[in-house]
Amino acid sequence: MGQLVVLLPLFGALLSMPVGRAIGPKASEYVTTGLMFLAAALSWMLFVDVALGGNARTIELFTWIVSGNFEANWAVRLDTMSAVMLVVVNSVSFLVHLYSMGYMKEYGEQSRFFAFLSLFTFAMLTLVTADNFLQLFFGWEGVGLASYLLIGFWFKKKSANDAAIKAFVVNRVGDFGFALGIMCIFYVFGSIEFDTVFDAIRANALVDPYGAVAAAPIRDLQINFLDNNWHALTVIGVLLFIGAMGKSAQFVLHTWLPDAMEGPTPVSALIHAATMVTAGVFLVCRCSVIFEYAPNAAAMVTVVGAVTAFFAATVGLLQDDIKRVVAYSTCSQLGYMFFAAGVGAYDAAMFHLFTHAFFKALLFLGSGAVIIAMHHEQDMKKMGGVKDILPLTHILMVIGTIAITGVGIPGLILFGAPFGTAGFISKDVIIEGAFAAGEAGRAFGNMAFVMGLLAAVMTAFYSWRLIFLTFWGKSRAPESVRKHPHAVPDTMMAPLIPLALGALVAGIVFYGDFVGKDKDAFWNGSLYFADAHHEEPVSDADHLNAQEHAALTNDHGEDAAHDGEAADDHGEAKAGAHDEGGHHVPTWVLWSPFFAMLSGSLLAGFHYLRGDPLRPGLLRPGGMIYAFLKNKWYFDEIYDYLLVKPAIRFGRFLWLDGDGKTIDAVGPDGIASLVAANARRIVKLQSGYLYHYAFAMLIGIAVLVTFVLIRLGNG
């Protein structure tokens, strides 16, 4: 069954275009969507069996690559992490396929579009079920290829082509780091199999990299590069995270994500909710054991994630394109997931990834319905009053908004879980986890907590701004659009219902398994927590020999246990403290995300529900801060100045001076010019006058006779 779940989307990708040519585009839609429905149904069955039933397993299919000591098998790894991702990817992909049957009706080329969608899904499934780093990298690159094809689907449109190329190039930067990380893993461990690598780190096994003087415990191992010694696990963790930064559009490598909105809206929903951008979070959580023993790498994850959450939220405040608002929202929410993983709350990161899929897909697909109804208008300033045209879409988008902003009642426990929307529960667990990590001395935990709260304020503001500008107030659309809105097919509306249901209750239903009292049995070892094993992550600064390290680890373990008991006693005695998601936090921390959400929502209502919603606000056009945020912190301009223009100038120099004036001038063009010049000189001897030729012949005969007479005289 595991193999079938992965292969069904591939069958759809292979069959879509031939079936479309033979029977028609409708047939390709039904074939690919039907196969995705089967894959989604089987994914839920596997989730019950593997995640809830504890029946994790790995199915080896065949030997993929063998070269010397290097071996990579192709396998389907079915553990809780894989099962969770199978549910997310296949469920959202099925709903996107169903939605696309209505959305793409007017655009044509359905067979090609559905083939690319299914290929995208297959690549992501290959990634999440990989049993080794190379197989994961295969799916990683497959996702990149499919995203290029889908973002640039309308290839006759220059902006779509530019966006596809931008996504492809920026991701290559991250993928280069990821590839180096895989090479480093093989160099250190002699294997790229997950179990081999992770078990060695858990056991602090002795490893003997090629060229090393002697074997050393992996947690202390240093590798030499450029005449410097580096902590091996830190190097590996940083390189892997660089790959994750590119794929998940984190700060500095984020610039491709907003431009990816040039693709059809269903593509945006699939990329942002279930496939490409979640791959980086999955990678970091899959490698949790590496980051637990590479605290500097984990600190990098925390800082980049926190900055991304804050940065993307600030940019989302002033976006007018409805899809770009939701896109920057995705970037910000991914930042939450990463800083959760950075502070060691891998379960919270995966929980938010799971719940985020519901409300983010809902918001994107709802935005697509608005765009269709408004005759493909995407500027929210030209909308207003859309709730009268699309009342059901309005209700569903409000549900998505209360989920992403985090509406709920802190401290109220019903059915063993906090009471609130999916986003309220999963995001609050992350923020509380960051506070707890900061209190425990984990690097940059307090920074992540503050950044997370500030991002929550701005998330609430721009999310409600989208609702107020788009659906409420007077219509600002042209008269023709108001009187004759475009009909939205039922196939576009039907997928929004289950997504809205998930956005409301997924947090309550799955809280206990993902982050609550049942989390150890649920994750079943697929995530690693050093605290759960009474271990303390090693420092990158001190690399001791094996005996000293073992003694130090034991001492620290006892001290940590003692300190933990003391902390628990202190926490129980402390008034007004609550245990939330496994984190012991004060009451004010428990309520802080709620008040952050409330303040952002009230600010949005105060501005956009009073008078003209388009009147200048606190950030006025022409101001420095307004320009800074409106231009997305000038990242595109900075990259254009530092990278793009120098590359163009360098390329032009190589073309004109290097190739033209040097290679061509000296080589083929130079030789040809020399031959032509000599030919022009020689051709001057051919005057065309007979007496010139006779005179030349006469001189030649005279010279010849003179030469013969001289030779005879000497003889």
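Here the structure is a predicted model, which means the values were calculated and not measured. Only this structure's heavy atoms are used, side chains among them; waters, hydrogens and symmetry mates stay out. Count residues from 1 along the sequence.
Considering all non-hydrogen atoms of both residues, C184 and I223 come closest at SG-CD1, 3.8 Å. Between M261 and F364, the shortest heavy-atom distance links the atoms SD-CE2, 3.6 Å. Of all the heavy atoms in L150 and F116, the pair that sits closest is CD2-CB, 3.3 Å. Between A297 and T234, the closest heavy-atom pair is CB-O, 4.0 Å. When all heavy atoms of Q250 and C331 are compared, the closest pair comes out as NE2-O, 4.2 Å. Considering all non-hydrogen atoms of both residues, W256 and I271 come closest at CH2-CG2, 4.4 Å.
Interatomic distance, CD of Q3 versus CG of L8, reported as 11.0 Å (0.5 Å rounding). The structure places CD1 of I185 at 10.5 Å from CG of N132, a figure rounded to the nearest 0.5 Å. Interatomic distance, CH2 of W230 versus CG of N224, reported as 10.0 Å (0.5 Å rounding). Taking CE from M380 and NZ from K382, the interatomic distance works out to 13.0 Å, rounded to the nearest 0.5 Å. Between D640 atom CG and T255 atom OG1 the span is 11.5 Å, to the nearest 0.5 Å. Within the model, atoms CD of E29 and CZ of F113 stand 10.0 Å from one another, a figure rounded to the nearest 0.5 Å.
A donor-acceptor pair under 3.5 Å is formed between the side chain of S147 and the backbone N or O of G144. Not a single donor-acceptor pair under 3.5 Å links the side chain of T196 to the backbone N or O of I192. A donor-acceptor contact shorter than 3.5 Å is absent between the side chain of S118 and the backbone of A115. Y639 contributes a side-chain N or O that, together with a main-chain N or O of V252, makes up a donor-acceptor pair within less than 3.5 Å. A donor-acceptor pair under 3.5 Å is formed between the side chain of S332 and the backbone N or O of A309. Without hydrogens or angle criteria, D131 side chain to A75 main chain gives no donor-acceptor distance under 3.5 Å. For the pair Y99 (side chain) and L365 (backbone), a donor-acceptor distance under 3.5 Å is present. With hydrogens and angles ignored, the 3.5 Å screen pairs a side-chain donor or acceptor of S16 with a backbone N or O of S111. Although no hydrogens or angles enter the test, the distance criterion places no donor-acceptor pair under 3.5 Å between the side chain of T308 and the main chain of G335.
Salt bridge K381/D321: absent, no basic N to carboxylate O contact under 4.0 Å. Checked for salt-bridge contact, D162 and K166 miss the test: no charged N lies under 4.0 Å from a carboxylate O. Looking at E141 and R172, a side-chain N of the basic residue comes within less than 4.0 Å of a carboxylate O on the acidic one, giving a salt bridge.
Within a 6.0 Å sphere centred on OH of Y634, other residues, nucleotides and ligands contribute more than 12 heavy atoms. For NZ of K630, the number of neighbouring non-hydrogen atoms (other residues, nucleotides, ligands) closer than 6.0 Å is greater than 12. In this structure, Y107 places its OH atom where more than 12 heavy-atom neighbours from other residues, nucleotides or ligands lie under 6.0 Å away. The 12-atom threshold is exceeded at CH2 of W64, counting heavy atoms of other residues, nucleotides or ligands nearer than 6.0 Å. Within 6.0 Å of CZ in F695 there are 12 or fewer heavy atoms belonging to other residues, nucleotides or ligands. For N69, the CG atom sits in a loose shell: 12 or fewer heavy atoms of surrounding residues, nucleotides or ligands are nearer than 6.0 Å. Other residues, nucleotides and ligands place no more than 12 heavy atoms under 6.0 Å from the CZ atom of F707.
The closest side-chain heavy-atom distance from W140 to D175 is below 4.5 Å. By the 4.5 Å heavy-atom criterion applied to side chains, L10 and V6 are not counted as neighbours. For the pair L221 and L233, the minimum side-chain heavy-atom distance is 4.5 Å or more. At least one side-chain heavy atom of N90 sits less than 4.5 Å from a side-chain heavy atom of L125. When side chains are defined from C-beta on, L136 does not count as touching F138, because their heavy atoms never get closer than 4.5 Å. Within the 4.5 Å cutoff, side-chain heavy atoms of N73 are placed close to those of E71. The shortest distance between side-chain heavy atoms of V303 and F251 does not fall below 4.5 Å. At least one side-chain heavy atom of F133 sits less than 4.5 Å from a side-chain heavy atom of L240.
Using cut-offs of 30° and 60° on the angle between ring planes, the pair F338 and F241 is perpendicular.
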Trace of the side chain to side chain donor-acceptor pair (under 3.5 Å) decision for S82 with R286: CA-CA 9 Å; S82 298; R286 172 64 82 193; 3.1 Å; yes
Stepwise side chain to side chain contact (heavy atoms under 4.5 Å, CB included) test for E637 and N631: CA-CA 9 Å; E637 290 78 5; N631 288 283; 3.9 Å; yes
query: Run the ring-ring contact (aromatic ring centres under 6.0 Å, His included) check on F311 and F635 step by step: do they pass?
result: CA-CA 11 Å; F311 152 75; F635 266 100; 5.7 Å; yes
message: Using side chain to side chain contact (heavy atoms under 4.5 Å, CB included), reason through S248 and M337 one step at a time and then give a plain yes or no.
response: CA-CA 10 Å; S248 293; M337 299 176 207; over 6 Å; no
message: Is there a side chain to side chain donor-acceptor pair (under 3.5 Å) between T121 and H97? Walk through the geometry before answering.
response: CA-CA 11 Å; T121 307; H97 275 71; 5.0 Å; no
- prompt: Given the rule in the side chain to side chain contact (heavy atoms under 4.5 Å, CB included) test, do H231 and Q222 qualify, once you have shown the distances and angles that lead to the verdict?
  reply: CA-CA 5 Å; H231 184 222; Q222 299 180 72; 5.6 Å; no
field: Evaluation steps, salt bridge (Lys or Arg N to Asp or Glu O under 4.0 Å), between R324 and D379
entry: CA-CA 10 Å; R324 285 181 180 262; D379 189 344; over 6 Å; no
task: Carefully, step by step, assess F153 and V267 under the rule side chain to side chain contact (heavy atoms under 4.5 Å, CB included).
output: CA-CA 10 Å; F153 181 77; V267 175; 5.9 Å; no
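Side chains of T265 and Y103: a donor-acceptor N/O pair is present below 3.5 angstrom, by distance only. With 3.5 Å as the limit, one finds no donor-acceptor pair spanning the side chains of T63 and W74. Checking H272 against S329 by side-chain atom types alone, no donor-acceptor pair falls below 3.5 Å. Side-chain contact check for S367 and K323: no donor-acceptor pair (N or O, by modelled atom type) lies under 3.5 Å.
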Quiz: residues 275-284 side-chain donor-acceptor pairs under 3.5 angstrom, not counting sequence neighbours:
{"residue": "T275", "atom": "OG1", "partner": "L270", "partner atom": "O", "Å": "2.7"}
{"residue": "T278", "atom": "OG1", "partner": "A274", "partner atom": "O", "Å": "3.2"}
{"residue": "T278", "atom": "OG1", "partner": "T275", "partner atom": "O", "Å": "2.7"}

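Annotation: ring pair (Phe, Tyr, Trp, His ring centres under 6.0 Å) contacts of F189 (sequence neighbours excluded): none.
With a 6.0 Å cutoff to the six-membered ring centre and a 45° limit on the axis angle, R77 does not count as a cation-pi contact of F194.
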